[in-house]
Amino acid sequence: MSSTYMLKNPELVHILKQMLAAMEVKDYNKFRIRAYQNAIASIESLSTSVYTLWQQGRLSEIPGVGGGLTQVFKELFTTGEVLEFNRLKADLPAGMFALIGIRGIGSKKAFKLASAFALDDESTAVEEIKKIAEAGKIRDLPGFGERSEAELLAVITEMKLHKKEKERSLFVVAEQVAKRLEYYLRLCPEVSALEFLGSYRRREATVGDLDIAIVTAKPDEVFDHFEKYEEIEDVLVKGEKKMSVNLTNNMQIDIRTVSHEELGSMMQYFTGSKAHNIVLRTHALEQDKSLSEYGIKHGKSLKTFSREEDLYSYLGLSYIEPELRQGKDEVVLAQKKALPELVNLEDIKGELHVHTNFSDGANTLEEMVHAADALGYEYFGVADHAPSVSNRGLKEVMNITNTHIKSVEHINSSTNLKVLLGYEVNILANGSISLPDESLSKLNFAIGSIHTAFDQDRDTITQRLINAIEHPLINIIGHPSGRLLNERPACDVNWTAVFKSAIEHDKVIEINAQPNRLDLADDLVREACAMGVKIMINTDAHSTAGLNFMRYGVYVARRGWCSKEKILNTLPLKEFLRELNIRNI
Ligand code: DGT
Ligand code: CA
Ligand code: CA
Ligand code: ZN
C-alpha cells in the first residue's frame, strides 16, 4: 500500500482556510470561493474524519464537497500538499495567514498589512502587527485609519486573554452560572430584556463562554451593576456597548447592550454558530442583501429587526431553531420550509434506564417509581447493573432476579404508570454479554453497555457493539460511544456499520442524557435517524433528582434534528412496548 497523509479535520480546515484566503486575494471566481467556504463550514461541524471518508470513497456525503474539492483532498491525502496552492501562495507574504485569525481581518486586509510591513513569518506576525499598531503606524495605510488601528489592537489584546486554553464547561455547569447571573442582572432596573446567545442558546454539549444581549437605554448603569457581581474575578473589557469578564470559576461572560429595535439582528448574529452565519450571509448575498449584527443592508437602506423570526422571514426562510444553526443544510431546508418540527421535553412519556439502590443508585425502587409518576410518565423501566454470575453463581443470580421481578409486580399492582424491569448488562471485551440468557429472558428488556476496554481498535469495538446488537435478548445499546465529556474520548467506532446492524436487528440506540455523557452525540444522532435507526432518550439516573436530566437528552435529540416521531419514548404505552420488543408483558 502506498503511504498517505492522514490529516486530521482541523489540519485540513487550516489548509483549506489558507487556500480560501489566497484565492480571495487573487480574486478567484466567486463560486469557487463559495464552494470552499461551504466545505470548510461543513467539515468544521463534522465528527467523522474526512480522511476516513476519503478512504472509503464517501467524500460526496459531506455537504458542500463536490468534484473539484474531491480532487484537492485526494492530492492532499496522497502527496501532503496541493500544487495549485503552492503556486498561489508563492508571492504572498506568509504572515498574512496568521493575521486572518484576528476578528475583523479578512484575507484582503491581512494581505495589505502583511505586504505593507513585510510580515513573512507566520509564527510572529500577530506579535509584530501588535507592535506596529502600538507604534501608530497602521493608521496611515490606505483603507485603514486611527479607529481601525485601535480596534485591531483591542481585538489582539482580547485574543491573548482567550489564549489561556480553557476547558469548555459542561452545558449543565454553564446553565447554573447563567441562571445565577441572570437573576442578578435582572435586579438592575435598567435591564429591560435579556437573552443568552452563542453555544449556550444552541444547547451545545459544552460551552466555551456565555454570550448575553441586554436591551437597555442606559448601558453604563447596567455595566456598573454587572461589575459588582460577586463571582467576577477580573474585568477584561468595559466598553460603551460591550463588557467581558472572567468569573472566579474561570468562565468568561460577554455582555453586549442593544436597543430593542436591533435585538433580533443581534440575537441572530451572536447566536451563531459561526458556520451557520457564513451560510446565512452567503444566502443573503444572493439576494444582494448584506447581513451584520445591526441588521440587513439592501441597497442603501439598513433594515433592523427586533425579532429574529422577522429576520429569517425577510430572507425568505422559515424560522431556524437555534439548535439547528450548525452551518449544514438548515438554510437550504428553511428555504423549502422543510425543517423538522423538533421534539420537546413535554413529548417524553417515560424512559427505561435508571438505577436504584439494588445496584449503585441512591434511591429505592419505590422512590424512583414515585418520582417518575410525579413527572407524569406512562411507563418507567429500571435497569440496574445486573448481579454478577461470576461472583454469585447462576443459581443465586436467578433467585435474585425472581425476587426482583416479584417486587416490580407488586409495585405495578399499586401504581398508574407501567413499571418495567430490565438490567444494564456489560458488553464484555470479546463482545459477549455479562449475563446468561436464563436470567435475561425473564426480564422485560435489557440494555447492553460498554464499561471496559474503551480503547480497543476500531474494527474490534465495532464488531463488539454489533455482537451485542445481534444478541436476541438485548433491546437497547446504552451510552453507545462511551465518551465522558472533558474526560474520555468517544470509542473509535464505525458508526455506519453499527447503525446498519441496529436497523437489521430492530434494536434501539440510546441518547444518554447524563450531562457529562450526552451520548450518542448530536451529529451521530442525526446520521442514525436519517438511516432509520430507532432512538430513545434515557437519563441513566442514579437518584430521583437525576430523572430531571431528561431535558439535556432532549437537547441532544433536537441538535440531532429529531422530530417527536424519531424518539421512541414519545410513544404511548402500547406502541412503545411494541416498538421496543418488550417481553414478558
Ligand atoms: P463557544 O463560546 O466557544 O462555546 O461558541 P460560541 O458559538 O458561543 O462562540 P463565541 O462566543 O465565540 O461567539 C458567539 C457567536 O458570535 C458565534 O456563534 C457567532 C458569532 N461570532 C463571533 N465571532 C464571529 C466571527 O468572527 N464571524 C462570524 N461569522 N460570527 C462570529
Ligand atoms: Ca460563547
Ligand atoms: Ca463569546
Ligand atoms: Zn452504564
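Atom set for the values below is all heavy atoms of this structure, side chains included, hydrogens, waters and symmetry mates excluded. Both ligands and their constituent atoms are indexed starting at 1 by order of listing.
- Of all protein N, O or S atoms, those under 3.0 Å from the Ca ion (ligand 2) number 3.
- Ring geometry for Y184 versus H225: interplanar angle under 30°, hence parallel rather than tilted (30 to 60°).
- Excluding waters, the set of protein N, O or S atoms lying under 2.8 Å from the Zn ion (ligand 4) comprises E424 OE2, H451 NE2, H479 NE2.
- Of all the heavy atoms in S265 and L311, the pair that sits closest is CA-CD1, 3.7 Å.
- With sequence neighbours excluded, the residues satisfying salt bridge (Lys or Arg N to Asp or Glu O under 4.0 Å) with E579 are K534.
- Salt bridge E330/R325: absent, no basic N to carboxylate O contact under 4.0 Å.
- Residues passing the salt bridge (Lys or Arg N to Asp or Glu O under 4.0 Å) test with R458 are D492, sequence neighbours excluded.
- A donor-acceptor pair is defined here as one N or O able to donate and one able to accept, closer than 3.5 Å; such a pair exists between the side chain of T157 and the backbone of L153.
- When only modelled atom types and interatomic distance are considered, Y312 and Q268 share a side-chain donor-acceptor pair under 3.5 Å.
- For the side-chain hydrogen bond (donor to acceptor under 3.5 Å, both in side chains) with Y552, the lone residue among R203, E175, Q514 that qualifies is E175.
- Using a 30° and 60° split on the angle between ring planes, H451 and H385 fall in the perpendicular class, above 60°.
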